[in-house]
Amino acid sequence: GCYKEIQSLSIDCPTKPLPCSWRGPLINVEDHLQECPNRRLACGFGCGAQFLISEKETHENECHKRPTNCRYCDTSIPYDSLEDHYISCREYPVSCTYCKKNFSRRQEMTDHLENECTEYDMVCPNEKFGGCTFKGKRLQMIQHVQESHTLQSMETIASLQQDLKKTESMNKQLLNIVEEQRATINTLNERLSRIENYIGSGVDIPDAVEADRPGAAPTATPTNEPLT
């Protein structure tokens with residue numbers, strides 16, 4: 001019917017007035033636009049640009065967001081982020097800031113600074129604990145620690161050992177006190193149980209307490225049987 005007639009109508013490429021010689025049935029327009037040199041595309045790298053399909057290759061080769069492999073660590077990085085990546089790239093070649101020694105990898109320089117660079121500026125390791133404000137090169141720091149803190153550390157250790165001995169002595173005293181108190185509590189519990197038995201056998205409370213007093217004259221053994 002009418003639908004088939006409309007789909008078979010011959011039309012020019014919808015991108016005109018841009019130059020395109022295509023002319024064909026309406027039903028084939030979508031297929032044509034997939035390859036029409038005037039069709040506009042959005043950049044797949046996320047730069048926001050749009051371009052003709054005929055310009056796709058040129059744009060992808062020049063796009064500032066195009067994926068680019070770091071030549072040192074082979075990580076894929078957007079082209080415009082390469083310089084920032086080099087700042088932290090562990091494989092990037094660098095020179096020591098202090099002694100100017102060259103390294104083929106940044107990680108090698110990190111190890112060098114932590115363990116061997118004689119020109120590296122250091123703060124005294126006793127800064128956090130003893131408040132020492134000395135700063136100097138690695139060799140100066142070694143000498144400083146040996147001269148200024150070795151004896152101080154030994155004195156501190158000796159003082160701590162004395163404190164530890166005092167603490168151990170106090171702990172022993174406290175344990176003895178606890179044991180004595182436990183024995184007293186057990187004795188009182190036993191006496192309370194006997195007094196309860198006296199009372200249960202009909203003895204008055206004052207007489208029961210007196211009967212159980214240490215050193216009191218012996219009395220008849222109380223029983224729990226009710227009085228008749």
Side-chain angles (χ1 to χ4, degrees), residues 13-22 29-157 160:
C13 174
T15 63
K16 283 192 173 184
L18 294 174
C20 178
S21 59
W22 184 86
V29 167
E30 292 298 329
D31 293 336
H32 164 69
L33 290 178
Q34 293 300 315
E35 56 187 26
C36 176
N38 295 330
R39 182 166 69 95
R40 301 191 69 79
L41 302 175
C43 176
F45 301 142
C47 75
Q50 292 189 345
F51 42 82
L52 297 176
I53 191 173
S54 59
E55 301 168 340
K56 181 175 184 292
E57 184 176 354
T58 300
H59 174 80
E60 289 182 345
N61 290 334
E62 298 176 352
C63 179
H64 62 278
K65 290 291 184 182
R66 65 187 184 275
T68 307
N69 285 353
C70 171
R71 55 179 164 170
Y72 302 106
C73 70
D74 205 37
T75 301
S76 180
I77 304 291
Y79 180 79
D80 62 354
S81 298
L82 268 180
E83 292 302 321
D84 291 336
H85 168 73
Y86 289 152
I87 295 174
S88 59
C89 178
R90 295 168 64 88
E91 303 298 321
Y92 190 77
V94 292
S95 298
C96 176
T97 307
Y98 300 95
C99 69
K100 309 305 178 185
K101 182 178 180 179
N102 294 323
F103 297 92
S104 59
R105 301 170 57 243
R106 175 174 275 110
Q107 183 58 45
E108 292 176 355
M109 188 190 73
T110 301
D111 297 338
H112 164 76
L113 290 176
E114 291 179 354
N115 302 302
E116 63 182 34
C117 180
T118 58
E119 298 301 313
Y120 182 55
D121 292 323
M122 304 179 68
V123 298
C124 179
N126 200 38
E127 178 190 29
K128 293 182 179 179
F129 306 104
C132 182
T133 58
F134 181 83
K135 296 180 181 180
K137 308 296 184 185
R138 187 181 300 276
L139 294 180
Q140 295 173 326
M141 186 60 64
I142 293 174
Q143 183 179 2
H144 164 74
V145 171
Q146 290 175 342
E147 294 179 353
S148 302
H149 296 305
T150 301
L151 179 59
Q152 180 183 359
S153 297
M154 293 175 64
E155 292 174 346
T156 301
I157 292 173
L160 290 173

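We're numbering straight along the sequence, starting at 1.
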Minimal heavy-atom distance between C96 and L113, with the atoms involved, is SG-CD2, 3.8 Å

Quick one: is the NZ or CZ of R66 closer than 6.0 Å to the six-membered ring centre of Y79, and within 45° of its axis? yes

Here the pair of heavy atoms bringing M141 nearest to G136 is CE-N, 3.9 Å

When rounded to the nearest 0.5 Å, the distance separating CZ of F51 from CD of E57 is 11.5 Å

For atom CZ of R40, is the number of surrounding heavy atoms from other residues, nucleotides or ligands below 6.0 Å larger than 12? yes

**Asked** So, do D74 and N69 sit near enough that their side-chain heavy atoms are less than 4.5 Å apart?
**Response** yes

Checklist line | Atom CD of E119: over 12 foreign heavy atoms under 6.0 Å | finding: yes

On a heavy-atom basis, the closest approach of C89 and R106 is O-NH1, 2.6 Å

- For H32 and C13, run side-chain contact (heavy atoms from CB on, under 4.5 Å): C-alpha distance rounded to whole Å, both residues' side-chain angles, the deciding distance at 0.1 Å, then the answer. CA-CA 8 Å; H32 164 69; C13 174; 3.3 Å; yes

- Query: Going by heavy atoms in the side chains, are I142 and Q146 under 4.5 Å from each other?
  - Reply: yes

One should read off an interatomic distance between L82 CG and I87 CD1, to the nearest 0.5 angstrom, of 11.5 Å

Interatomic distance, SG@C73 vs CD@E91, rounded to 0.5 Å, equals 7.0 Å

Correct closest heavy-atom pair for H85 and C70 would be NE2-SG, 3.4 Å

Side-chain contact, heavy-atom cut-off 4.5 Å: C43 with H59?
yes

dist C117:SG -> K100:NZ (nearest 0.5 Å) comes out at 10.0 Å

When rounded to the nearest 0.5 Å, the distance separating OH of Y120 from CD of E114 is 8.0 Å

Would R71 and Y86 count as a side-chain contact (heavy atoms from CB on, under 4.5 Å) here? Give the steps.
CA-CA 10 Å; R71 55 179 164 170; Y86 289 152; 4.0 Å; yes

To the nearest 0.5 Å, atom OG1 of T75 lies from atom CZ of R90 at 11.5 Å

Only one of Q140, K135, K137, R138 passes side chain to side chain donor-acceptor pair (under 3.5 Å) with D121, and that residue is K137

Can you say whether the rings of F134 and H144 are parallel (under 30°), tilted (30 to 60°) or perpendicular (over 60°)?
parallel

